[in-house]
Colleague: 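Got a structure here, written out as structure tokens. Questions coming.
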Amino acid sequence: MVKKASPRDWSVLRNAAVLYFRTRDRIDYEEFISTTFEAYIPEELDCEKMQKVVETLKELPEKHNFDRQFNITASKIKAKIKKVYKVYRGVELRITDALENIDETIQSERDKDGNRYIKIKTNDEMVYNTFLMKKKEEE
């Protein structure tokens, strides 16, 4: 529902959900829905659709017969964290863990010609230098 309607909101919500699960040993489902989804202000998704998402999530425990409070099995969570985006032919962006500030770490932009780019913040000097383009001197 969210992924197709607003890929940006889906990415932020997915990241927030992964972060919630990764930072706790025990899950309180009501708190999870409240802090992760009800408190979220969508960037593209309209409020009515966001409310429908919350309602659907609240119905899941009864619909799929699971407890509202449960312990985390870390190995099961790790298996579900990885997300791969096909960026360009031969290039994939692989997210392997939750990011504290995903919107400050990964951004998209367009140049004046309409080309689309993904900009990724790095703290690795070698990676940065690998993709550093020297400005061509004007002749």
Side-chain angles (χ1 to χ4, degrees):
M1 179 186 303
V2 176
K3 189 174 183 178
K4 286 185 180 181
S6 173
R8 175 72 183 143
D9 288 315
W10 178 83
S11 178
V12 172
L13 286 167
R14 180 187 182 281
N15 185 71
V18 169
L19 189 61
Y20 184 93
F21 277 73
R22 290 289 300 239
T23 57
R24 288 167 175 76
D25 295 325
R26 185 159 176 77
I27 299 301
D28 178 326
Y29 191 73
E30 299 298 327
E31 178 192 53
F32 167 65
I33 298 302
S34 175
T35 60
T36 305
F37 294 91
E38 289 180 323
Y40 178 69
I41 299 169
E43 293 185 31
E44 298 172 341
L45 200 65
D46 66 54
C47 291
E48 189 176 301
K49 285 186 180 176
M50 189 64 209
Q51 185 57 41
K52 179 68 175 154
V53 168
V54 170
E55 288 171 14
T56 301
L57 289 169
K58 286 182 174 183
E59 294 169 359
L60 289 178
E62 286 81 29
K63 190 174 182 180
H64 294 284
N65 196 28
F66 67 83
D67 293 333
R68 292 179 183 276
Q69 293 188 357
F70 50 91
N71 293 326
I72 292 291
T73 304
S75 62
K76 297 290 183 187
I77 301 299
K78 284 181 184 179
K80 300 288 185 182
I81 287 175
K82 294 179 182 135
K83 177 67 183 156
V84 178
Y85 297 91
K86 294 181 188 297
V87 177
Y88 196 80
R89 185 180 66 245
V91 179
E92 294 179 341
L93 171 60
R94 182 179 311 269
I95 299 177
T96 58
D97 204 349
L99 301 171
E100 287 282 340
N101 299 306
I102 192 168
D103 53 342
E104 295 174 13
T105 306
I106 305 172
Q107 300 173 353
S108 62
E109 56 186 46
R110 283 185 195 258
D111 67 11
K112 64 182 181 201
D113 297 323
N115 296 307
R116 297 174 297 219
Y117 295 91
I118 304 295
K119 186 165 80 172
I120 304 169
K121 183 178 181 179
T122 182
N123 56 3
D124 186 310
E125 189 71 23
M126 185 182 291
V127 170
Y128 173 78
N129 288 329
T130 299
F131 295 98
L132 181 62
M133 300 295 288
K134 304 288 184 196
K135 298 206 185 237
K136 293 180 183 179
E137 293 183 37
E138 292 184 32
E139 298 178 357

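Note: hydrogens, waters and symmetry copies are ignored here, and every other heavy atom, side chains too, is used. Keep in mind that what you see is a predicted model, and the values were worked out from it rather than measured.
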Colleague: With sequence neighbours left out, write down each residue that passes ring pair (Phe, Tyr, Trp, His ring centres under 6.0 Å) with Phe131, or none if nothing qualifies.
Modeller: none
Colleague: Show me the pairs that pass salt bridge (Lys or Arg N to Asp or Glu O under 4.0 Å) and involve residues 86-95, at least two apart or across chains.
Modeller: Lys86-Glu92, Glu92-Arg94
Colleague: Can you confirm whether Asn123 is buried at CG, in the sense that more than 12 heavy atoms of other residues, nucleotides or ligands lie under 6.0 Å from that atom?
Modeller: no
Colleague: Please step through side chain to side chain contact (heavy atoms under 4.5 Å, CB included) for the pair Met50 and Phe37, ending with a clear verdict.
Modeller: CA-CA 8 Å; Met50 189 64 209; Phe37 294 91; 4.0 Å; yes
Colleague: Per the ring pair (Phe, Tyr, Trp, His ring centres under 6.0 Å) rule, what does the pair list look like for residues 84-125, sequence neighbours excluded?
Modeller: none
Colleague: Show which residues join Leu132 in its hydrophobic cluster (side-chain heavy-atom contacts under 4.5 Å, direct or indirect), or state none.
Modeller: Tyr128
Colleague: Run Ile120 and Ile118 through side chain to side chain contact (heavy atoms under 4.5 Å, CB included) and show every step you take.
Modeller: CA-CA 6 Å; Ile120 304 169; Ile118 304 295; 3.9 Å; yes
Colleague: Please indicate whether Asn129 has more than 12 foreign heavy atoms, meaning atoms of other residues, nucleotides or ligands, lying under 6.0 Å from its CG.
Modeller: yes
Colleague: Is there any side chain to side chain donor-acceptor pair (under 3.5 Å) pair reaching into residues 36-55, and which pairs are they, with sequence neighbours excluded?
Modeller: Ser6-Glu44, Asp9-Tyr40, Glu38-Lys58
Colleague: Kindly compute the distance separating CZ (Arg14) from CG (Leu19), expressed to the nearest 0.5 Å.
Modeller: 12.0 Å
Colleague: Tell me the salt bridge (Lys or Arg N to Asp or Glu O under 4.0 Å) pairs involving residues 62-72, sequence neighbours left out?
Modeller: Glu30-Arg68, Glu62-Arg68
Colleague: Say you draw a straight line from CG of Asp124 to OG1 of Thr130; how long is it, rounded to the nearest 0.5 Å?
Modeller: 8.0 Å
Colleague: Holding to ring pair (Phe, Tyr, Trp, His ring centres under 6.0 Å), I want the full list of residues that pass it with Tyr20, two or more places apart in sequence or in another chain.
Modeller: Phe32
Colleague: Just jot down the side chain to side chain contact (heavy atoms under 4.5 Å, CB included) partners of Ile41, sequence neighbours excluded, or say none.
Modeller: none
Colleague: Give the intermediate values and the outcome of side chain to side chain contact (heavy atoms under 4.5 Å, CB included) for residues Ile95 and Ile106.
Modeller: CA-CA 10 Å; Ile95 299 177; Ile106 305 172; 3.9 Å; yes
Colleague: With sequence neighbours left out, write down each residue that passes side chain to side chain contact (heavy atoms under 4.5 Å, CB included) with Gln69, or none if nothing qualifies.
Modeller: Arg26, Asp28
Colleague: Which distance, rounded to the nearest 0.5 Å, do you find between the OG1 of Thr23 and the CZ of Phe21?
Modeller: 10.0 Å
Colleague: Going only through I, L, V, M, F, W and Y residues with side-chain contacts under 4.5 Å, is there a path from Val84 to Val18?
Modeller: no
Colleague: Group every Ile, Leu, Val, Met, Phe, Trp and Tyr by side-chain heavy-atom contacts under 4.5 Å, then state whether Leu45 and Val54 land in the same group.
Modeller: yes
Colleague: Under the salt bridge (Lys or Arg N to Asp or Glu O under 4.0 Å) rule, what pairs show up with a residue in residues 101-115, not counting sequence neighbours?
Modeller: Glu109-Lys119
Colleague: Identify, with sequence neighbours excluded, every residue that meets side chain to side chain donor-acceptor pair (under 3.5 Å) alongside Glu59.
Modeller: none
